[in-house]
Structure formats: structure tokens, C-alpha cells
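Just so you know, these numbers come straight off a predicted model, no measurement behind them. Both counts, for ligands and for their atoms, begin at 1 and track the order of listing.
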Amino acid sequence: MAAYLFFILAPLFLLLTGTLPPARAFWTEFSAAIGYAGLAIMGLQFGLTARFRHVTEPWGEDVIYHFHRRISLIAVGLVVAHPIILFVIRPELLALLDSIEAPWRARFAALSTYSLIALVVMGLWRTKLKLSYEAWHVTHVVLAVVAVIAGLLHMLGWSFYLVDPWKRGLWIGLTVFWVGLLGYVRVVRPWFILRRPYRVAEVRPERGHTWTLVMEPDGHAGFRFRPGQFGWLTVRGSPFKITAHPFSFSSSAAAPGGRVEMSIRELGDFTNQIGQVPVGRRVYIDGPYGAFTTGNPADMHVLIAGGVGITPMMSILRTLADEGDRRPVILLYGSKDWEAITFREELEALTARLDLTVVHVLEHPPAGWTGERGFITADVLRRHLPPGHADHEYFICGPNVMMDAIERALGTLGVPIWKYHSERYSFV
Ligand SMILES: Cc1cc2nc3c(=O)[nH]c(=O)nc-3n(C[C@H](O)[C@H](O)[C@H](O)COP(=O)(O)OP(=O)(O)OC[C@H]3O[C@@H](n4cnc5c(N)ncnc54)[C@H](O)[C@@H]3O)c2cc1C
């Protein structure tokens with residue numbers, strides 16, 4: 001947080017060194033300050049989403065994206081408040097809204113602000129606006145670049161605080177750095193990924209409309225991942241296209257030869273076609289990412305999965321089994337019905353290799369079912385978890401509503417927040 005605040009505030013406070021323009025009324029200065037701070041926050045968003053492992057690892061990608069969304073609202077609030085304050089204290093400035101008569105510096109300000117508002121509206125209501133993920137993603141990137149560059153041009157055009165050439169250089173340099181981060185994710189990283197392709201070795205059907213892609217490194221050693229992590233998969237085209245989809249690794253992290261598996265449920269345009277991917281197809285994986293991975297071996301591990309949220313749990317269980325780990329593990333696994341339980345047979349087999357208890361919770365149980373039914377609730381947790389709830393290590397992955405409910409339930413069981421790990425599949 002300190003580093004983050006430093007990056008936001010340092011460029012602002014540096015403007016207060018060197019030659020200073022004549023002081024103006026407090027609200028004018030305040031409005032300028034929040035404009036600069038808003039732009040600095042927007043620029044740093046490129047860093048948050050640049051997939052730097054060291055930046056994201058302590059929290060996990062989903063938390064970083066959550067922060068990215070929340071902090072954007074603050075940044076846009078600051079940027080929008082900047083002209084509003086000026087219009088209130090000096091109503092004659094409203095003339096600057098006339099985009100035909102207004103000077104360029106005001107037009108750039110308008111362009112930047114409108115782009116930011118469009119970014120937020122499209123981000124918050126993407127599904128309501130019926131925008132496909134791909135169309136939204138491309139527009140999101142373009143609008144973000146336009147907003148930041150137009151913001152810089154507005155500042156340079158106004159030039160009130162940027163009279164010193166080094167101050168102009170600082171803000172131009174910062175903007176080049178921010179947009180350069182985007183270049184890193186979209187050009188430099190894909191170029192490295194292109195040189196390390198994978199081949200599809202097998203496409204295996206699983207229960208519950210799910211397919212497992214088995215992929216082997218093609219001409220390189222592959223990478224090592226920790227069980228529970230995920231990668232961005234490109235199946236068609238090159239990694240330069242914005243078409244990669246995130247999937248958890250479902251295979252053991254101890255698998256030989258850099259082989260990785262991803263188990264993919266049919267849910268939309270891309271995933272519905274995964275079963276038709278031909279064996280031998282060249283694919284690309286950008287990874288590994290994520291902080292959702294096994295913790296202290298002394299603690300009992302409680303894995304709570306809903307639907308396709310079982311995939312990272314499979315990687316955790318398969319890895320523990322391959323490593324001969326005997327820590328106690330309980331898997332609470334919510335599925336629609338008995339036939340749709342992905343990996344049902346393998347889970348059964350894993351109980352012989354691990355100190356593993358599997359509790360199935362079925363939404364539509366078959367006749368005569370004596371196990372848990374409905375959803376995983378605090379009562380289900382109480383019934384199956386040994387006492388000392390706060391001492392276990394929890395891993396939760398599944399639909400958002402389920403995860404919210406489980407996190408609340410863990411709260412009622414007195415489990416502190418640092419004892420549970422969540423992987424949200426809907427961070428974008
Ligand atoms: C960290 C993580 C791990 C995941 N692991 C698995 C897994 O192991 N197995 C599995 O079946 N699913 C997993 N998912 C979900 C999977 O990524 C989406 O179901 C899939 O991308 C949907 O694509 P679609 O085009 O078929 O569906 P659509 O109907 O087009 O999209 C459904 C939703 O998926 C998301 N989405 C779509 N395309 C992308 C994309 N290119 N990048 C990011 N999100 C996108 C969007 O929120 C969209 O609204 C994971 C998601 C995340 C974030």
C-alpha cells in the first residue's frame with residue numbers, strides 16, 4: 001500500500017518543487033491536485049493488470065482485479081470532480097464544454113473524461129449491455145489508452161504546473177511508462193509465449209459437460225506451477241490476439257515432462273468448442289499465476305468446491321497424492337446431481353492414496369440419497385469439520401453466490417480471514 005501511495009502521490013508532490021506558479025484560490029488548487037492524482041491512479045492501473053507475478057502474488061489475481069475495479073471508481077470520481085469544482089467556483093468556465101469553440105486543452109480534458117466514464121459504464125454493466133467479453137476487452141484497452149494520453153495532453157496544454165521542462169518530462173515519461181506496461185503485456189510477453197508453444201496430447205471427456213485438455217511442451221521444458229494456480233490459454237491464433245481464457249491447472253504439479261492439464265466446462269462460445277480441439281493442435285499457455293495454493297502442512301486442509309471449481313482442488317489432491325503427503329484433507333463438493341460430479345471416480349480412488357474424506361452435496365439428489373443435499377452451508381460445515389475450525393486451512397472455489405455464502409459461513413464459525421483462500425472465476 002505504501003508503494004502504491006508513493007507511485008500515486010510522488011508525481012503530484014514533485015510538482016510542488018522547483019519553480020512554482022502564482023498561488024490561486026484553495027478550491028482551484030484542490031481541483032488541480034485531484035485531477036493529477038486521478039490521472040496517476042488511472043495510469044497505474046496499467047501496472048496492476050500487467051501480470052507481474054511479484055505484484056500479484058501476495059494477494060492473487062482476483063483480488064488485484066477487484067482492487068483495479070474499485071480504485072477505478074475513485075480515480076474517475078477524482079477526474080470528474082476536477083472540472084465540476086472549477087465550474088462551481090467559476091461558472092464562466094462552463095464555456096469550455098463547447099467542443100467547437102473550446103481550446104484544444106479543454107477538448108482533450110473532455111475526451112479523457114468521457115473515455116473514463118465510458119470505461120466505467122462498460123465495465124460495470126458489460127453483461128447488461130450484452131457486450132461480448134472480447135468486444136469489451138478491446139474497447140476497454142483502447143478507451144484506457146485514450147483517457148490517459150488525452151489527460152496528459154490536457155495537462156501539457158494547460159501547462160500551469162508544468163512550466164519547468166523536467167516536470168513536463170516527468171509526466172510525459174510517466175505516461176510512456178504506463179502505456180509501455182500495456183505494450184509489455186500485449187507485445188513483449190506474447191512474444192516470449194509464442195516461442196514456448198504446447199501441443200494438445202489428449203482431449204478427454206469428463207462428467208458434467210467438462211473436457212480435459214492434456215498439453216505437452218513443444219521443444220522446451222515447460223514451467224513449474226504450484227497446485228491451485230492457473231494459466232491463460234490461447235487455443236486459436238497467436239498469443240498476440242486478445243483471446244486467451246484463464247483456466248486452473250487440474251493436473252498434478254509433480255507431473256513429469258512439463259505436462260499440464262486444464263479441465264474446462266462448457267459454458268459459452270469458447271468453452272462449448274473445447275471438445276472439438278484436435279489432438280496435435282498447437283496452443284499457448286501464459287502462466288502460472290495465482291496465490292490459491294496449499295498452505296501449512298501441519299493444518300487440516302478443507303477444500304470447498306462448487307461445480308467446475310473442483311479443478312484447482314483436483315490439482316491440489318493429485319499433487320498431494322504424488323508427493324505421498326498424509327495431511328488430513330476434507331473435500332466438500334457441491335454438484336447438481338450424482339451423474340454430473342466431475343472426477344467422481346478419481347476422487348473415490350484418491351481416498352486410498354490420501355487421508356481424504358469426500359463429502360458430496362447434491363442439489364438434485366437421486367432417490368434414496370442419504371448424503372448432504374441442497375447447498376454447502378454453515379450447518380454442513382459444522383456437521384463435517386472437526387472442532388478447532390479456526391485452525392484449519394480453507395480453500396474455496398465455485399460460483400460467486402456460493403463463495404459469498406461460504407465466506408459468511410466461515411465468519412460465523414470464527415475462522416479468521418487469513419485462514420481461508422478464495423479463487424473467483426468471475427474476476428472479469
Ligand atoms: C482464475 C480463473 C480460473 C478459471 N479456471 C477454470 C477452470 O479450471 N475450468 C473452467 O471451466 N473454467 C474456468 N474459469 C472460467 C473460464 O475462464 C470461463 O468460463 C471462460 O473463459 C468462459 O469463456 P466462454 O467464451 O466460453 O464463455 P462466455 O459466455 O463468452 O463468457 C462467460 C464469462 O466468462 C468470462 N470470460 C469470457 N471470456 C473470457 C476471457 N477471455 N478471459 C477472462 N474471462 C473471460 C467473462 O466474465 C464472461 O462473462 C476460470 C476463470 C478464472 C478467472
Location of contacts on [X] toward ligand 1, heavy atoms closer than 4.0 Å:
X	value
Ser426	neither
Thr271	both
Arg126	side chain
Phe247	both
Tyr133	side chain
Tyr289	neither

Next item on the list: Report yes if some heavy atom in the side chain of Phe375 is under 4.5 Å from a heavy atom in the side chain of Val401; otherwise report no.
Entry: no
Option with minimal heavy-atom separation from [atom], where the choices are [options]:
atom	options	result
atom 14 (N) of ligand 1	Pro246, Gly208, Gly231	Pro246
atom 1 (C) of ligand 1	Phe292, Phe230, Trp211, Trp232	Phe230
atom 19 (O) of ligand 1	Asp62, Ile274, Leu267, Leu131	Leu267

Do the ring planes of [X] and [Y] sit parallel (below 30°), tilted (30 to 60°) or perpendicular (above 60°)?
X	Y	answer
His245	Tyr133	tilted
Phe230	Tyr289	tilted
Tyr161	Tyr36	perpendicular

Looking only at the side chains, is there a donor atom on one of [X] and [Y] sitting less than 3.5 Å from an acceptor on the other?
X	Y	answer
Trp178	Gln45	no
Ser99	Tyr114	no
Thr212	Glu261	no
Glu407	Ser422	yes

State whether the shortest distance between N or O atoms of [X] and N or O atoms of ligand 1 falls below 3.5 angstrom.
X	value
Asn272	no
Ile264	no
Thr243	no
Val308	no
Arg424	no

Notebook entry, point to check: Hey, is the main chain of Glu372 close enough, under 3.5 Å, to the side chain of Trp369 for a donor-acceptor pair?
Noted result: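 Pair found, side chain donor or acceptor close to backbone of Glu372.
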Next item on the list: Please check if the side chain of Ser250 supplies one atom and the backbone of Ser315 the other of a donor-acceptor pair under 3.5 Å.
Entry: no
Notebook entry, point to check: Is the cationic atom of Arg318 (NZ for Lys, CZ for Arg) positioned less than 6.0 Å from the six-membered ring centroid of Phe343 and within 45 degrees of its normal?
Noted result: yes
State the atoms of ligand 1, each with its element, that fall below the 4.0 Å cut-off from a heavy-atom position in [X].
X	result
Phe270	24 (P), 25 (O), 26 (O)
Ala244	40 (C), 41 (N), 42 (N)
Thr311	7 (C), 8 (O)

Check: Is Phe249 near ligand 1, meaning one of its heavy atoms is under 4.0 Å from it?
Finding: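 Contact absent.
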Margin query: I'd like to know whether ligand 1 has Ser263 as a neighbour, heavy-atom separation below 4.0 Å.
Written below: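 The answer is yes, since Ser263 has a heavy atom less than 4.0 Å from ligand 1.
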Note to self: To check you understand the geometry: which heavy-atom pair defines the closest contact between Glu266 and Asn272, and what is its length?
What the structure shows: CB-OD1, 3.2 Å
